Participant: 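This is the structure, below, for whatever I ask next.
Each chain gets a letter, A, B and so on, in the order its sequence line appears, and its residues count up from 1. If you're wondering where the values come from, they're calculated on a predicted model, not measured in any experiment.
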Number of protein chains: 2
Amino acid sequence: MAGTQAETGLDPLDRAILLALVEDASTTNKALARRLGVAESTCAYRVRALRRRGVIRGATVRLDPAALGSPVQAMIKVRLGSHSHEHVNTLYDALAAVPGALQVFHVAGADDFYLHVAAADALALRDLVLNHITTHRVVRQTETHLVFDHREGAGLLPR
Amino acid sequence: MAGTQAETGLDPLDRAILLALVEDASTTNKALARRLGVAESTCAYRVRALRRRGVIRGATVRLDPAALGSPVQAMIKVRLGSHSHEHVNTLYDALAAVPGALQVFHVAGADDFYLHVAAADALALRDLVLNHITTHRVVRQTETHLVFDHREGAGLLPR
DNA sequence: CTTGAAATTGAAGCAGG
DNA sequence: CCTGCTTCAATTTCAAG
């Protein structure tokens with residue numbers, strides 16, 4: 001079974017802490033401790049341990065792309081002509097640096113990269129592809145799919 | 001031009017705050033104010049305003065899927081047989097609820113959904129597809145692509 | 001919108017169980 | 001590994017520029 005305590009070293013308290021922090025990372029340690037029924041110092045100790053062990057990699061704020069002027073999202077499949085290690089890594093870096101790039105997936109299959117982007121409108125999306133992706137010689141083909149909607153999933157802390 | 005102050009109502013201070021909080025949401029308000037050269041109360045006021053206006057949707061912790069026992073990631077393309085509003089919405093909900101589902105994209109094109117998942121190993125991935133995706137009658141076809149690597153992009157707050 | 005100072009609240013350190 | 005207590009630091013509030 002995946003994600004058990006034996007395999008991950010996470011007990012139910014750790015999981016409850018992670019669940020709460022994924023939902024709202026700005027929960028105070030005090031509130032967290034009270035909700036989970038442990039001492040504040042215990043709760044703080046656990047959170048620090050989770051960070052130290054690398055389970056928690058950091059904290060971010062979730063932004064609304066539309067509120068930032070980019071209400072249009074797309075998934076752009078990028079196919080390469082050459083798959084030399086150097087070409088792949090160079091393009092990977094270039095894709096991650098594209099203005100409006102939200103995430104980049106390096107995947108197996110006919111397409112090499114999936115680039116999730118946000119842009120102001122369809123025209124800006126076209127310009128993004130023409131100015132930052134197809135300009136790379138190693139790119140053989142791109143395919144842009146409009147993203148109607150995007151959700152977070154249940155994640156790895158079921159229950 | 002996308003993302004200008006006129007269009008988004010965000011001045012340079014707002015952008016600097018967002019940039020800092022995206023990088024590390026656990027930055028204290030005090031440190032943030034000092035770094036940006038404004039009063040603590042001003043900084044706190046701006047952050048509250050950004051939350052109220054919906055630019056900041058919330059805060060989360062970044063977890064390491066591998067540390068949670070799921071080092072294998074995949075992108076699963078899901079194609080439907082019927083595209084009635086009801087079928088699409090029902091499946092959307094079902095995909096988001098799949099254990100290990102990190103994100104779901106509802107996209108335009110031949111494939112209807114891209115499901116980004118994490119699993120313990122290849123076998124768990126197979127079981128995930130067979131038990132939670134192809135079991136839905138409306139699913140006509142799936143295509144699972146291993147995710148070699150996954151990065152965050154430059155985002156919407158260019159320098 | 002911004003500010004500084006007061007008042008409240010939360011976090012960190014530590015010795016003991 | 002967990003806890004309560006003390007000390008220290010951060011956040012919130014607010015009247016005023």
Participant: I'd like to compare against my own output: the B/S/- annotation of nucleotides 3-11 of chain D with a strict under-4.0 Å heavy-atom distance to protein.
Facilitator: BB-----SB
Participant: Write down the atom of A:A44, the atom of A:N29, and the distance for their closest heavy-atom approach.
Facilitator: N-OD1, 3.2 Å
Participant: Across the strands shown, which category fits A:R46 at heavy-atom distances under 4.0 angstrom: base, sugar-phosphate, nothing?
Facilitator: sugar-phosphate
Participant: Grab the two heavy atoms, one from B:L128 and one from B:P99, that are nearest each other, plus how far apart they are.
Facilitator: CD1-O, 3.5 Å
Participant: Could I get the full list of ring-ring contact (aromatic ring centres under 6.0 Å, His included) partners for B:H116, not counting sequence neighbours?
Facilitator: A:F105, B:H150
Participant: Can you name the nearest heavy-atom pair linking B:A119 to B:L125, along with the distance?
Facilitator: CB-N, 4.0 Å
Participant: Hey, could you give me each pair passing salt bridge (charged side-chain N to carboxylate O under 4.0 Å, His left out) that has a residue in residues 33-55 of chain A? Not counting sequence neighbours.
Facilitator: A:D11-A:R46, A:D14-A:R46
Participant: Sort and list the pairs that fulfil ring pair (Phe, Tyr, Trp, His ring centres under 6.0 Å) and have at least one residue in residues 67-97 of chain A, not counting sequence neighbours.
Facilitator: A:Y92-A:H106, A:Y92-A:F113
Participant: Using the heavy-atom set of chain A and a strict 4.0 Å cut-off, write down the first and last nucleotide of DNA chain C that makes it in, 5' to 3'.
Facilitator: C:dG10 to C:dA11
Participant: How about B:Q141: does its CD atom have over 12 heavy atoms from other parts shown lying under 6.0 Å from it?
Facilitator: yes
Participant: Check this for me: does any side-chain nitrogen of one of A:R151 and B:D93 sit under 4.0 Å from a carboxylate oxygen of the other?
Facilitator: yes
Participant: Can a salt bridge be assigned to the pair B:R140 and B:D112 using a cut-off of 4.0 Å between side-chain N and carboxylate O?
Facilitator: no
Participant: Between P on D:dC1 and CG on A:D14, what's the gap in Å once rounded to a whole number?
Facilitator: 10 Å
Participant: Answer yes or no: does atom CD of B:E23 have more than 12 heavy-atom neighbours from other residues, nucleotides or ligands under 6.0 Å?
Facilitator: no
Participant: Could you write out DNA chain D as a dot-bracket string, with dots for unpaired bases, | for bases paired across to another strand, and Watson-Crick or G-U pairs counted at under 3.5 Å?
Facilitator: |||||||||||||||||
